[in-house]
Amino acid sequence: MLVTEPVAGCLRPFLRRGVRFAERPVLAAFVALVGRQARRGPVTRAAEEAIAAALHQVPMTLEGAARRRSPVVREVSDQFHRLYYDDIRTWRRNRWQGHKTWKSPNDLWLYAEIIHRIKPGLIVETGTAFGGSATYLGFLLDIEGHGEVVSVDIDPRGTPEHPRVTYLTGSSVDPAIVAKVKGMVAPGEPVLVILDSDHREPHVYAELMAYADLVPVGSYVIVEDSNVNGHPVVPEHGPGPMEALLRFVAQRPDFVIDRSMHRMHLTLNPNGYLKRIEA
């Protein structure tokens, strides 16, 4: 009880005063707890129970919606994101029709909603990897009864066959590849673009500049894996998709970040759903 009692004692008065006054002292108590415990070794089970009891007192929602301005709610969301991302038994084990599909099911659900709404004639995917997501997108187009997928990768690890999917081998920013992709766009047909290749900022920005103008009003450029470089995972990554997309939207007022796509509380593409709002 060496840690539990002091923590419980300092939290209890604040919790009685109400959540509005409690949250920051709760966080301060957590910081102090972790600091003390780090000097002794890993956080003990008793200390974890004290933290869990305190968190239980902080409501996650208000009037049926997440408390977006709550520092506790934000940190709970970020910690779950880190847990999900770093656990090797989660997204890295996802398969579609037997093919590796390294995506969050939350994002794949959103893709299904977008595709049903805009009914693209062409989906452009950069970063084929194992081909699982390309075939998943082809399946969604099967349901709609319309559309094609072109998937580009400099060195694909899998190209499973699907009648709606075409694979191109090469860099997604090679002018010859970009020209081939543009040549596949049927006049008047909506285009959806999904960027998931090289995650370094210069490359992602170059992809945005190469493909964004294919997207009509109401459709999207989706920048994947914008969670790296500490947003909130892989802090050592260096500037990547998030930095590229923020640079892009600062220059392109015809695109906005569609924050309604954050409703699942977990997306591997935070701020990455860029919707075109004007021509």
Side-chain angles (χ1 to χ4, degrees), residues 19 23 58-85 90-91 102-120 123-127 133 137 140 190-196 199 201 204-205 207-209 211-235 237 239-279:
V19 170
E23 286 190 7
V58 180
M60 298 290 106
T61 61
L62 178 65
E63 297 179 351
R67 298 180 59 240
R68 298 289 186 184
R69 296 183 180 180
S70 162
V72 172
V73 172
R74 287 199 305 272
E75 186 56 30
V76 166
S77 179
D78 283 352
Q79 283 286 46
F80 177 71
H81 193 140
R82 295 181 191 106
L83 169 65
Y84 179 82
Y85 192 86
T90 57
W91 58 276
W102 284 1
K103 314 281 186 187
S104 162
N106 289 358
D107 290 311
L108 295 178
W109 182 275
L110 295 174
Y111 291 3
E113 290 188 1
I114 291 170
I115 288 168
H116 177 69
R117 186 166 71 248
I118 69 173
K119 295 180 169 46
I123 300 175
V124 180
E125 176 192 61
T126 68
S133 58
L137 296 169
L140 294 179
V191 175
L192 172 66
V193 174
I194 303 173
L195 304 180
D196 185 29
H199 293 326
E201 179 185 8
V204 178
Y205 181 77
E207 287 184 320
L208 283 163
M209 298 304 291
Y211 294 106
D213 285 332
L214 297 180
V215 172
V217 172
S219 189
Y220 292 81
V221 177
I222 301 172
V223 181
E224 294 203 344
D225 296 297
S226 49
N227 58 346
V228 300
N229 199 36
H231 305 295
V233 300
V234 198
H237 182 278
M242 178 70 79
E243 289 71 27
L245 74 86
L246 292 176
R247 178 181 167 195
F248 175 79
V249 296
Q251 298 168 345
R252 292 289 298 263
D254 52 331
F255 282 87
V256 297
I257 295 169
D258 186 352
R259 300 188 190 280
S260 71
M261 295 299 173
H262 293 170
R263 73 176 193 269
M264 302 287 196
H265 299 294
L266 173 69
T267 172
L268 302 189
N269 316 322
N271 291 336
Y273 290 83
L274 307 184
K275 185 175 184 179
R276 192 163 196 178
I277 58 171
E278 58 186 60

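Remember, it's a predicted structure, so these values are computed and weren't measured experimentally.
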Scanning both residues in full, the closest heavy-atom pair of Pro270 with Ser226 reads O-OG, 2.6 Å

Not counting sequence neighbours, list each pair that qualifies as a salt bridge (Lys or Arg N to Asp or Glu O under 4.0 Å) and has a residue in residues 266-279. Asp213-Arg276, Asp254-Arg276

How would you list, by chain and number, every residue that makes a side chain to side chain contact (heavy atoms under 4.5 Å, CB included) with Arg74, sequence neighbours excluded? Pro71

How far apart are the C-alpha atoms of Leu137 and Ile115, what are their side-chain angles, what is the distance that settles it, and do they pass the side chain to side chain contact (heavy atoms under 4.5 Å, CB included) test? CA-CA 9 Å; Leu137 296 169; Ile115 288 168; 3.8 Å; yes

Separation between CG of Asn229 and CD of Glu243, rounded to the nearest 0.5 Å: 4.5 Å

Within-4.5 Å side-chain heavy-atom neighbours: Asn271 and His231: no

Which atom of Pro216 lies closest to which atom of Pro190, heavy atoms considered: CG-CA, 3.9 Å

Can you give me the closest heavy-atom contact between Ala112 and Leu140, atom names plus distance? CA-CD1, 3.7 Å

Can you list everything that forms a side-chain hydrogen bond (donor to acceptor under 3.5 Å, both in side chains) with His265? Sequence neighbours excluded, please. none

Within-4.5 Å side-chain heavy-atom neighbours: Arg247 and Met242: no

CA sep, side-chain torsions, deciding dist, call: Arg117, Tyr220, side chain to side chain contact (heavy atoms under 4.5 Å, CB included): CA-CA 11 Å; Arg117 186 166 71 248; Tyr220 292 81; 3.0 Å; yes

Set of side-chain hydrogen bond (donor to acceptor under 3.5 Å, both in side chains) partners for Asp107, sequence neighbours left out: Thr267, Tyr273

Is any side-chain heavy atom of Val193 closer than 4.5 Å to one of Glu207? no

How would you list, by chain and number, every residue that makes a side chain to side chain contact (heavy atoms under 4.5 Å, CB included) with Phe80, sequence neighbours excluded? Leu83, Tyr84, Leu266

Kindly write out the residues that satisfy side-chain hydrogen bond (donor to acceptor under 3.5 Å, both in side chains) with Ser260, not counting sequence neighbours, or none if the list is empty. Asp258

Looking only at heavy atoms, what is the nearest atom pair of Pro241 and Asp225, with distance? CG-O, 3.5 Å

Side chain proximity check, Val215 to Leu192, heavy atoms < 4.5 angstrom: no

Report yes if the side chains of Val223 and Leu274 come closer than 4.5 Å at any heavy-atom pair, otherwise no. yes

Say whether, by atom type as modelled, one donor and one acceptor occur between the side chain of Thr126 and the main chain of Asp196 under 3.5 angstrom. yes

Do Ile257 and Leu246 touch side chain to side chain, with heavy atoms closer than 4.5 Å? yes

Just by distance, with hydrogens left out, do Glu201 and His237 show a side-chain donor and acceptor under 3.5 Å apart? no

Any non-hydrogen side-chain atom of Val124 less than 4.5 Å from a side-chain atom of Val191? yes

For Arg263, check side-chain hydrogen bond (donor to acceptor under 3.5 Å, both in side chains) against everything at least two apart and list the hits. Glu113

Non-neighbouring partners of Tyr85 that pass ring pair (Phe, Tyr, Trp, His ring centres under 6.0 Å), sequence neighbours left out: Trp91

Could you tell me which non-hydrogen atom of Met60 sits nearest to which non-hydrogen atom of Val72, and how far apart they are? CE-CG1, 4.0 Å

Thr61 (side chain) donor-acceptor with Ala66 (main chain) under 3.5 angstrom: no

Can you name the side chain to side chain contact (heavy atoms under 4.5 Å, CB included) partners of Pro232, sequence neighbours left out? Asp78, His81, Arg82, Asn227

Could you tell me whether the side chain of Ile277 reaches within less than 4.5 Å of the side chain of Val217, counting heavy atoms only? no

Tell me every residue that passes ring pair (Phe, Tyr, Trp, His ring centres under 6.0 Å) with Phe255, counting only those two or more places apart in sequence or in another chain. Phe248

Please walk me through it: do Ile114 and Ile222 pass side chain to side chain contact (heavy atoms under 4.5 Å, CB included)? CA-CA 11 Å; Ile114 291 170; Ile222 301 172; 4.2 Å; yes

Under 3.5 Å: donor-acceptor pair, side chain of Ser104, backbone of Leu268: no

Give the minimum heavy-atom separation between Val221 and Leu208, together with the two atoms involved. CG1-CD2, 3.6 Å

With Ser133, which residues qualify under side chain to side chain contact (heavy atoms under 4.5 Å, CB included), at least two apart? Thr101, Lys103, Glu125

If the condition is ring pair (Phe, Tyr, Trp, His ring centres under 6.0 Å), which residues does Tyr111 pass it with, not counting sequence neighbours? none

